[in-house]
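All values reported here derive from a predicted model rather than from experimental measurement. Both backbone and side-chain heavy atoms feed into the values below; hydrogens, waters and symmetry mates do not. Every chain is numbered from 1 and lettered A, B, ... according to where its sequence line falls, protein lines coming before strand lines.
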There are 2 protein chains.
Amino acid sequence: MPRGAAFLLAQLGAHAAGRFGERVGGLGLAPPDVGLLRMIATDPGRSQRSLAADLGVVPSRVVALIDNLERKGLVERRRSTEDRRNYELYVSEAGRAALAGVREVAAAHEDDLLAALDGAERARLAELLGRVAAQQGLTPGVHPGYRNLSKRAGRREE
Amino acid sequence: MPRGAAFLLAQLGAHAAGRFGERVGGLGLAPPDVGLLRMIATDPGRSQRSLAADLGVVPSRVVALIDNLERKGLVERRRSTEDRRNYELYVSEAGRAALAGVREVAAAHEDDLLAALDGAERARLAELLGRVAAQQGLTPGVHPGYRNLSKRAGRREE
DNA sequence: TATTGTTATACTCTATAACTATA
DNA sequence: TATAGTTATAGAGTATAACAATA
C-alpha cells in the first residue's frame with residue numbers, strides 16, 4: 001500500500017513534534033510553554049484572553065498554562081492599570097534566557113531531523129511546505145496542537 | 001523569526017492529522033481505528049500482543065482499541081486453537097468495506113491538503129519526505145501518534 | 001450588562017499494576 | 001514460572017459552566 005505525501009507529513013510531523021518535545025523537556029520546558037513564551041516575547045503586555053483567541057483555546061486553559069510559566073519564573077503577570085480586569089503578560093529575564101536555549105535546541109533539532117537532506121534540498125522542502133501551509137490557511141508560528149479539537153467531527157476513540 | 005522546515009513539518013503534520021481525523025470521523029471511525037484496521041488487514045490472524053509491540057503501546061491499550069473495533073463489527077476476535085491464551089484478529093466484511101471508504105477519504109484528503117502543489121511538486125515533496133522518514137528510522141505506515149510518549153522528556157507543541 | 005480571569009467539575013485518553021486463564 | 005489478554009485504577013490534559021471583580 002503506497003503512502004502518499006499526506007501520510008508522510010502526518011507521520012513525520014508527529015515524529016518531529018515528539019523529538020522537539022524531548023529536547024525542550026531537557027530545558028525544563030513543556031512544549032506548550034515554548035509557544036506561549038514566544039508569543040508573549042513577540043508581543044509583550046498582551047492579555048490572556050488574546051492568547052486564548054490566537055491559539056484557538058478556551059481562556060481557562062490559558063490560566064493553567066500561564067500559572068505554570070509564572071511558577072517557573074519565566075513570565076510575569078502585571079495587573080493592567082488601564083483596565084484592571086486584565087493582566088499584562090511579560091517574559092522575565094529567566095524567560096528570555098530560556099528562549100535563547102530553545103533557539104539552540106531548535107537549530108540542533110532541525111539539523112538532526114533533516115540529516116538526510118543537503119542544504120538545497122532543505123530549502124526546497126521548506127519552500128514546498130511553506131506554500132502548502134499558506135494555502136491551508138495555517139497561522140505562521142502557531143502550532144495546531146493547542147487547538148480545541150472537541151468541536152470537530154471525528155476525534156479519537158468512539 | 002524565520003520558521004524552518006522542522007517547524008513547518010510539525011505544524012503541517014498536526015494539521016494533516018486533524019483534517020484526516022475529521023474525514024474518517026465522518027465514516028464513524030476514530031483515527032486509531034484506521035491504523036489498527038490496516039495492520040490487521042495486512043497481516044490477518046495476528047495477536048493483540050504483536051500489535052502492541054509494533055505500535056509501541058502497552059497491551060492493555062490494545063484491548064480497548066480492539067474492543068471498540070469489535071463492537072462496531074469491523075474486527076473479529078477468534079480464540080487461537082494452537083495456543084488458547086491468545087486471539088487471532090481478522091477484519092470482517094464490514095471492516096473491509098470501511099477500509100475501502102478510508103481509501104477514498106484518504107485520496108480526497110491528499111488532494112485537498114496538497115492543493116497548492118502540482119503533480120511534479122507533490123512527487124518531489126513525497127520523495128524528500130520519504131528520505132527524511134527513512135533516515136529517521138520511521139516505520140512505513142505506522143503513525144507515531146500511538147506511541148507511549150509519557151516516558152519521554154517533554155511532549156507536545158512545536 | 002459585558003468582559004477578564006478564575007475555580008469547580010467532568011470527561012477522555014492512556015499508562016501501571018494486579019489478576020485470569022492458559023501454557 | 002511465563003505469557004496473552006483483561007480489569008481496576010490513577011494521572012494528565014482539556015473543556016464547560018458558574019463565579020468574582022471590574023468596566
TODO: Indicate, with yes or no, if A/Val62 and A/Met39 share a hydrophobic cluster defined by side-chain heavy-atom contacts under 4.5 Å among Ile, Leu, Val, Met, Phe, Trp and Tyr.
DONE: yes

What integer distance in Å separates [X]:[atom1] from [N]:[atom2]?
X       : N      : atom1 : atom2 : value
B/Asp33 : C/dC13 : CG    : C1'   : 14 Å
A/Leu51 : D/dT14 : CG    : C1'   : 17 Å
B/Arg61 : D/dG5  : CZ    : P     : 17 Å
A/Leu65 : D/dG13 : CG    : C1'   : 10 Å
A/Arg78 : C/dG5  : CZ    : P     : 15 Å
B/Ile66 : C/dT14 : CD1   : P     : 14 Å
B/Glu70 : D/dG5  : CD    : C1'   : 12 Å
A/Leu55 : D/dG13 : CG    : C1'   : 15 Å

Can you list everything that forms a side-chain contact (heavy atoms from CB on, under 4.5 Å) with [X]? Sequence neighbours excluded, please.
X        : result
A/Gln136 : A/Val132, A/Leu138, B/His15, B/Leu113
A/Gln135 : B/Ala115, B/Ala116
B/Asp112 : B/Arg23
A/Ser92  : A/Glu76, A/Ala94

Considering only nitrogen or oxygen atoms on both sides, find all protein atoms under 3.5 Å from nucleotides 17-20 of chain C and state each distance.
none

Open item on the list: Which residues pass the side-chain hydrogen bond (donor to acceptor under 3.5 Å, both in side chains) test with B/Arg84, not counting sequence neighbours?
Closed with: none

Open item on the list: Under the rule for side-chain hydrogen bond (donor to acceptor under 3.5 Å, both in side chains), what residues qualify as partners of B/Glu82, not counting sequence neighbours?
Closed with: none

Open item on the list: Could you report the tightest heavy-atom contact between B/Gly101 and B/Leu27, atom names first, then the distance?
Closed with: C-CD2, 3.5 Å

TODO: If a pair satisfies salt bridge (Lys or Arg N to Asp or Glu O under 4.0 Å) and one of its residues is in residues 127-140 of chain A, list it, with sequence neighbours excluded.
DONE: A/Arg124-A/Glu127, A/Glu127-A/Arg131, A/Arg131-B/Glu121

Open item on the list: Give me each pair satisfying salt bridge (Lys or Arg N to Asp or Glu O under 4.0 Å) with a member in residues 40-49 of chain B, each pair once, sequence neighbours excluded.
Closed with: B/Arg46-B/Asp54

Open item on the list: Looking at A/Arg49 and C/dG5, is any side-chain donor or acceptor paired with a base atom of the opposite kind under 3.5 Å?
Closed with: yes

- [ ] Describe, as an angle rounded to 10 degrees, how the axis at the first end of the helix from C/dT1-D/dA23 to C/dA23-D/dT1 is tilted relative to the axis at the last end, five pairs per end.
- [x] 30°

Task: Distance below 4.0 Å between A/Arg77 side-chain N/O and C/dT6 OP1 or OP2 - done: yes

Open item on the list: As a test of reading the structure: which of D/dT6, C/dT4, C/dT16 is closest to the side chain of B/Val58, going by heavy atoms?
Closed with: C/dT16

Polar atoms only, N or O, under 3.5 Å: list the protein pairs with nucleotides 21-23 of chain C and their distances.
residue: C/dA23; atom: OP1; partner: B/Arg84; partner atom: N; Å: 2.7

TODO: Please name all residues satisfying salt bridge (Lys or Arg N to Asp or Glu O under 4.0 Å) with B/Glu70, sequence neighbours left out, ordered by chain then number.
DONE: B/Arg77

